[in-house]
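One-based numbering along the sequence shown.
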Amino acid sequence: MNQAGVNEKYKVSPFYVFFLVHSMQTGVGVLSFQRVLAKTTGTDGWISILLAGLIVHIMIWVIYKIFSIVPGDIISANNHAFGKWIGNFFSLLFILYFLILGMTVMISYINVIHVWMFEEVASWAFALVFLILIYYINTGGFRTITGITFLSSIVTYWLLFVLFYAMKYSEFTNLLPVFHHTLLDLWKGTRSTSLTMLGFETIVMFYPFIKDAKTSQKYAHGGALTTTLITLFVYLVSLVFYSQKQLQLTIWPTLSLTSIVELPFIQRFEYIDVSWWAIVIIPNMTISLWAASRGFKRLFNVQQKYPLWGMSIIILLTNIFVFDVDSLYILRKIVNPYGALFVALYLPLLLVVIYIKKMRERL
């Protein structure tokens, strides 16, 4: 067993890292990122998406480089680099980040359900259903989580083909002009896509659960590349379907786009889209809360179900007492840009510290 204490029978094949990374990145951000990106970069938004994808690949390389030196998870790496107390402090920040990430995804999706389908149903009722399902999946262990993630990815790819329906209503001159924004604008656009690209960093917690983990790096990069290409495709379709002004004013461009689909046996296709999107969202919430509760278990040596209960209660109480658009805005601000900035700055710093300690040990 490695430093994180994971038995071989609980590990998954390296191939599944593709789906774990890709599924964690694909979530509620895909439904609405176009609006903010169009405001900052317009028709040059595709450049920002590619830059964001490049940063993700660099961060994945950094993560695997860290664990090639310090086997285990982020808890092991933090303690090795900074000692027990400072290391545990940074580990707590990661636990809090994963909790907020899972909460943000859940509340964002519940907000979508409220607006598009069931306005009168209390948010805590949806939260309770999701939390029971997440807890049930988590009790099955990481292999069960991986299986659910794999299945959710496979059965939701058909949603991409819905976007092709919009092509016959598209105006491809909307893609012009190009290269007419400053580097600062492009960087702001890259920052605005963070919520869509985040999720890959859960590798720092599930790395010990991968068989022959070093060989899984290519699959992690493959998952991130797939997410980048899908995000790019969604944005380009949105550009040619909407005018710039329409895109900047539409809150959920992806859902609004699918509402034009007409079938003889169904009147409101977006109801299917919103409902099916729950299958996409469930792995986001499950893996995030698993990572947070796993980190708590590693730090305080308690059974994982207890921190999972506590986090579920926190999320449920949040939905009961403070659920509104303002609280959702605050949560999204914490994740993007502050959470993204924390991940992007801390992981390279951690690698540098670990590398310096390694060089000193050789002297």
Side-chain angles (χ1 to χ4, degrees), residues 23-37 39-40 52 92-116 118-119 121-131 133-135 188 190-202 204-205 231 251-255 274 277-278 280-293 295-296 307-346:
S23 182
M24 268 305 298
Q25 288 185 293
T26 308
V28 288
V30 179
L31 302 177
S32 59
F33 77 96
Q34 305 99 306
R35 181 173 65 93
V36 180
L37 190 55
K39 287 181 178 180
T40 52
L92 279 172
L93 290 181
F94 269 96
I95 292 171
L96 181 62
Y97 166 75
F98 288 134
L99 171 61
I100 293 175
L101 180 63
M103 188 187 302
T104 302
V105 171
M106 183 181 296
I107 293 179
S108 297
Y109 182 62
I110 291 173
N111 186 43
V112 172
I113 297 175
H114 271 165
V115 173
W116 285 83
F118 303 111
E119 184 179 358
V121 180
S123 61
W124 65 264
F126 292 116
L128 183 61
V129 172
F130 284 130
L131 289 169
L133 180 59
I134 290 167
Y135 180 78
K188 288 179 180 178
T190 300
R191 230 175 30 171
S192 69
T193 61
S194 296
L195 187 59
T196 310
M197 294 296 183
L198 284 173
F200 69 91
E201 65 279 4
T202 49
V204 301
M205 286 309 304
T231 305
I251 299 176
W252 293 290
T254 306
L255 288 177
V274 172
W277 207 258
V280 180
I281 299 301
I282 286 170
N284 290 187
M285 300 181 290
T286 303
I287 297 174
S288 296
L289 295 184
W290 174 88
S293 57
F296 202 92
L308 189 59
W309 287 351
M311 293 172 186
S312 298
I313 291 171
I314 290 171
I315 294 174
L316 186 61
L317 292 176
T318 301
N319 278 274
I320 293 174
F321 295 111
V322 296
F323 180 87
D324 53 34
V325 176
D326 292 333
S327 62
L328 177 58
Y329 176 79
I330 293 171
L331 285 173
R332 288 199 171 198
K333 273 294 181 182
I334 294 173
V335 175
N336 175 30
Y338 302 118
L341 194 61
F342 168 68
V343 171
L345 293 179
Y346 179 75

Residues which pass side-chain hydrogen bond (donor to acceptor under 3.5 Å, both in side chains) with [X], listed by chain and number, not counting sequence neighbours:
X: Tyr109; answer: none
X: Ser194; answer: Asn336
X: Thr196; answer: none
X: Arg332; answer: Ser108

Would you call Trp290 and Phe98 a side-chain contact if the rule is heavy atoms closer than 4.5 Å?
->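 Contact flag for Trp290/Phe98 side chains = no.
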| said: Within the structure provided, determine whether Val274 and Trp252 are in side-chain contact (heavy-atom separation under 4.5 Å). | reply: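 Counting from C-beta outward, Val274 and Trp252 never come under 4.5 Å.
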Kindly compute the distance separating [atom1] ([X]) from [atom2] ([Y]), expressed to the nearest 0.5 Å.
X: Leu99; Y: Leu92; atom1: CG; atom2: CG; answer: 12.0 Å
X: Leu128; Y: Leu133; atom1: CG; atom2: CG; answer: 11.5 Å
X: Met24; Y: Met197; atom1: CE; atom2: CE; answer: 14.0 Å
X: Leu31; Y: Thr254; atom1: CG; atom2: OG1; answer: 5.5 Å
X: Ile282; Y: Met106; atom1: CD1; atom2: CE; answer: 9.5 Å

* Asked: In terms of ring plane angle, is the pair His114 and Phe126 parallel, tilted or perpendicular, where the classes change at 30° and 60°?
  -> perpendicular
- Task: Using modelled atom types only, decide if a donor and an acceptor are shared between the side chain of Glu201 and the backbone of Gly199 within a distance under 3.5 Å.
- Result: yes
The ring pair (Phe, Tyr, Trp, His ring centres under 6.0 Å) partners of Phe200 (sequence neighbours excluded) come to none
Report all side-chain donor-acceptor pairs from residues 311-319 shorter than 3.5 Å, counting only partners two or more places apart or in another chain.
| residue | atom | partner | partner atom | Å |
| --- | --- | --- | --- | --- |
| Ser312 | OG | Leu308 | O | 2.8 |
| Thr318 | OG1 | Ile314 | O | 2.7 |
| Asn319 | ND2 | Ile315 | O | 2.8 |

Quick one: do Leu93 and Tyr346 satisfy side-chain contact (heavy atoms from CB on, under 4.5 Å)? Show the steps, please.
-> CA-CA 11 Å; Leu93 290 181; Tyr346 179 75; over 6 Å; no
Which of Val105, Leu101, Val28 passes side chain to side chain contact (heavy atoms under 4.5 Å, CB included) with Asn284? It is Val105
